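Accompanying notes for the structure given below.
For clarity, every value in this text was computed on a predicted model and none was experimentally measured. The analysis underlying the following values was restricted to heavy atoms, covering all of them including side chains, and did not include hydrogens, waters or symmetry mates. All chains are named by letter (A, B, ...) in the order of the sequence lines, taking the proteins before the strands, and each is independently numbered beginning at 1.
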There are 2 protein chains.
Amino acid sequence: MGSRLGRRLPVMADVAREAGVSHQTVSRVLNDHPNVRSETRARVLQAIDKLGYRRNLVARALVTKRSRTLGVVSFDTTLYGPASTVYGIEQAARSAGYFVSIVSLKSIDPAGVRDALDYLADQGVDGVVVVAPQRSAARALADLPLAIPTVAVEGGQAGEVSVVSVDQVAGGRLATEHLLSLGHETVWHVSGPSDWLEAEGRVAGWRAALEQAGREAPQPLAGDWSPRSGYEAGRSLARMTDVTAVFVANDQMALGVLRAFTEQGVSVPGQVSVVGFDDIPESAYFSPPLTTISQDFDAVGRHSIEVLVRRLEDGLQERERLVVPPAFVRRASTARPPEGR
Amino acid sequence: MGSRLGRRLPVMADVAREAGVSHQTVSRVLNDHPNVRSETRARVLQAIDKLGYRRNLVARALVTKRSRTLGVVSFDTTLYGPASTVYGIEQAARSAGYFVSIVSLKSIDPAGVRDALDYLADQGVDGVVVVAPQRSAARALADLPLAIPTVAVEGGQAGEVSVVSVDQVAGGRLATEHLLSLGHETVWHVSGPSDWLEAEGRVAGWRAALEQAGREAPQPLAGDWSPRSGYEAGRSLARMTDVTAVFVANDQMALGVLRAFTEQGVSVPGQVSVVGFDDIPESAYFSPPLTTISQDFDAVGRHSIEVLVRRLEDGLQERERLVVPPAFVRRASTARPPEGR
DNA sequence: TCACTCGTTGTTAGCGTTAACACGACTTGA
DNA sequence: TCAAGTCGTGTTAACGCTAACAACGAGTGA
């Protein structure tokens, strides 16, 4: 298969010689140029096949100034959300004919984002998707002089970049309205870290739903997305006798909340109802199975590539914003409030 | 910042002109060539800074025939294990000065692996890490005529490729021995899909530990890593009155098992003890917190890059195999067996 | 018949870098 | 003092591809 050791890989000129044409004709065949006689084309293709020739994309990139590589900058791809988004991005990019080069950041300070973009720019990527869920990252992106077409995922409002995101506010609303509709007087909230845009959006949705129903919004408890922080919030909540419904900003923290409630003998959903966010694969098997809000990460990834490719290939200039709606998933962690609590 | 619109990016010749030297001298400065007068070097650096020059890595790759890009082929990076491994790989590669290009496969048939490698080869990667946890993928890899230096993660024995993996057999042993040491008569097993090498290794470790203790190995129940399949296995186990200890091949399935036991009124660890595998971030907050085996995915990722870079830069030819030991994590899902069961 | 167009192919000139070699100015040692 | 290094630098030629243009024969309309 063209790997006879010690021989150098065939180049276009070798194919040309084999087919008895010029290397430019080979190039034309490879690039589907219309003006090539079909007989010639066949001869070239046969030579390509015989020699096991593969076009050198680096040389091609040098002359065309396009590498057909997209960069992805993301924060901790170990987390379910980012991992799923990046997965969606990668699938979409590949099927659009682009390679994907990834940088995943431990901490997402503005300098980190800047460095990552420089790094990718050096590599010669044609465009970049930045998964920038923190406000600071989004701001950094907005302030940067962007030499390369860029799309932000969950990237806030500012700046010139296009943004694709899940409607977090709607998600927070959905969760809260569900609990209110079951008859709960009010809904408590365990939020994500305050500099995360997603956390902010969910808080806003929760607050809006309460306000609309004319209910008082209790002080939210702040977590950091980890089950551990949910557990701590859960211990606090278990001590308060007037809590009957909690909207937790992600499923992992909800797991911690459930754990704390179990330990304290608070029954879910008997005494307290709990709603999570994300719909991770595990949440259907929590005890009890978790009612939650699902985000279509895959769609987010796909859309971000669509937007980017539109800009790259059709030369679209105006900035786009695309919002993916979340979905409500009813399971067993929510019920009507208890009679006498 | 060198981004004055409408002007083309500066190239080496521009820097050379600015500094009053030849472009080759600029190249020497950039590549830390020793024979450059320090005064000249300073002048060049100043010109680089003034023009905001950045070296074109594509042109460089064309002439050096090395792209400083590594490819990663992985199966479903949405799963915690692969995601963490890929994360470790990416970090290690970047700090070794390599870019990382990712292909994540939905299904990992041999043709898929082959295509992914071809695809990356076209892009001009210098080396590849294949996360190949299925036997079929490992076999495909072993059979392939590998034009590019390749390292397999969890890749089995065959072929010429170097392999980095976690010692799954030791993990299975650890889990089983722990349960036996608590006084359980025997240990049941919920395994992963049979074509996964990891599943196979865990089964082998479990079987070996039982054999060594002179116990009968019950028929293992086969799952597919999902909480759902664990739940189903759990329902079967709950019905059998002689089960007091279960080793589940991953934490997600263990979650399903716990859920089934809870539903059937089987108390954990009161009546049945459960051990998982992986130590995902959630498992400390399961009900009860899960005793499990932790795998250092990060170390696996790092080692795979070390092996690859050794081959790339020091020209090492012999194939290496590196095994990372798993660790036992005791939590609250295991206890002595009940008296009269 | 001639001028013109069109389809097909070849020739030449880059893209921006590094490698290889050439060359003069110094040093060094006999 | 001269042959033989070193050092610092410049010149030229690739790397493998595409873009731009040139060339040529065949068809077309006047």
Side-chain angles (χ1 to χ4, degrees), chain A residues 2 7-45 47-48 51-69 97 99 121-126 147, chain B residues 2 7-45 47-48 51-69 97 99 121-126 147:
Chain A
R7 282 246 283 111
R8 84 183 200 306
L9 260 42
V11 299
M12 218 171 238
D14 299 321
V15 176
R17 201 172 315 115
E18 176 74 27
V21 297
S22 76
H23 65 126
Q24 180 61 336
T25 297
V26 177
S27 172
R28 289 194 181 101
V29 169
L30 251 25
N31 294 320
D32 283 326
H33 191 95
N35 294 348
V36 177
R37 205 154 31 112
S38 67
E39 192 220 327
T40 312
R41 179 186 310 277
R43 205 139 36 89
V44 169
L45 289 174
I48 287 177
L51 300 183
Y53 168 76
R54 320 212 66 170
R55 178 226 232 106
N56 181 328
L57 294 183
V58 172
R60 181 176 213 230
L62 178 61
V63 53
T64 60
K65 299 183 183 315
R66 321 195 103 241
S67 60
R68 294 205 75 82
T69 299
F99 297 96
D122 274 358
Q123 195 194 2
V125 298
D126 294 342
Chain B
R7 283 246 282 110
R8 84 184 200 305
L9 260 42
V11 298
M12 221 172 235
D14 300 320
V15 176
R17 201 173 314 115
E18 176 73 28
V21 297
S22 76
H23 66 124
Q24 179 62 343
T25 297
V26 177
S27 172
R28 288 194 182 101
V29 170
L30 252 25
N31 294 319
D32 284 324
H33 192 95
N35 294 349
V36 178
R37 205 154 31 111
S38 66
E39 193 219 329
T40 312
R41 180 185 308 276
R43 206 141 34 89
V44 169
L45 289 174
I48 286 176
L51 300 183
Y53 168 76
R54 321 211 66 171
R55 168 228 236 112
N56 181 327
L57 294 183
V58 173
R60 181 177 214 226
L62 177 60
V63 53
T64 60
K65 297 180 183 317
R66 322 193 101 238
S67 60
R68 294 205 72 81
T69 299
F99 297 95
D122 274 356
Q123 194 194 3
V125 297
D126 294 343

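The C1' atoms of five pairs define one axis at each end of the helix from C/dT1-D/dA30 to C/dA30-D/dT1, and these two axes lie 40° apart (to 10°).
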Under 3.5 Å, which protein N or O atoms sit close to an N or O of nucleotides 13-15 of chain D? Give each pair with its distance.
residue: D/dC15; atom: O3'; partner: B/Lys65; partner atom: NZ; Å: 3.1

Using atom names, set out every protein N or O paired with an N or O of nucleotides 5-9 of chain D below 3.5 Å, distance rounded to 0.1 Å.
residue: D/dT9; atom: OP1; partner: B/Arg37; partner atom: NE; Å: 3.3
residue: D/dT9; atom: OP1; partner: B/Arg37; partner atom: NH2; Å: 3.0
residue: D/dT9; atom: OP1; partner: B/Thr40; partner atom: OG1; Å: 2.4
residue: D/dT9; atom: OP2; partner: B/Arg37; partner atom: N; Å: 2.9
residue: D/dT9; atom: OP2; partner: B/Thr40; partner atom: OG1; Å: 3.3

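Protein atom CZ of A/Arg8 is 10 Å distant from nucleotide atom C1' of D/dG16, rounded to whole Å. The CG-P distance, from A/Leu30 to D/dC17, rounds to 8 Å in whole Å.
When DNA chain C is scanned 5' to 3' for any atom under 4.0 Å from a heavy atom of chain B, the first and last hits are C/dG16 to C/dA20.
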Which side-chain N or O atoms in residues 32-39 of chain A pair as donor and acceptor under 3.5 Å with protein atoms at least two apart or in another chain?
residue: A/Arg37; atom: NH1; partner: A/Glu39; partner atom: OE1; Å: 3.2

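The heavy-atom pair separating B/Ala16 from B/Ser22 by the smallest distance is CB-C, 3.6 Å. What you find for B/Leu51 and B/Pro10 is that their closest heavy atoms are O-CG, 3.5 Å. In plain terms, the two heavy atoms of B/Thr25 and B/Val44 that are nearest each other are CG2-CG2, 4.5 Å.
Taking the side chain as every heavy atom from C-beta outward, B/Val11 and B/Asn56 never approach each other to under 4.5 Å. Side-chain contact between B/Met12 and B/Leu30 is present, with at least one heavy-atom pair separated by less than 4.5 Å.
With sequence neighbours excluded, the residues that form a side-chain contact (heavy atoms from CB on, under 4.5 Å) with A/Arg66 are A/Thr64, A/Tyr98, A/Asp126, A/Leu312. By the side-chain contact (heavy atoms from CB on, under 4.5 Å) test, A/Gln123 is found to be paired with A/Ser101, A/Leu120, A/Val125, B/Thr69, B/Phe99, residues two or more places apart in sequence or in another chain being considered. A/Arg60 meets the salt bridge (charged side-chain N to carboxylate O under 4.0 Å, His left out) test with no other residue; sequence neighbours excluded. With sequence neighbours left out, the side chain to side chain donor-acceptor pair (under 3.5 Å) criterion links A/Ser27 to A/Asn31. Remark: A/Leu45 pairs with A/Val29, A/Arg41, A/Ile48 by the side-chain contact (heavy atoms from CB on, under 4.5 Å) rule, at least two apart or across chains. Partners of B/Arg68 according to the salt bridge (charged side-chain N to carboxylate O under 4.0 Å, His left out) rule, which considers only residues two or more places apart in sequence or in another chain, are B/Glu313.
Residues in residues 9-24 of chain A take part in these salt bridge (charged side-chain N to carboxylate O under 4.0 Å, His left out) pairs, two or more places apart or across chains: A/Arg8-A/Asp14, A/Asp14-A/Arg17, A/Glu18-A/Lys50.
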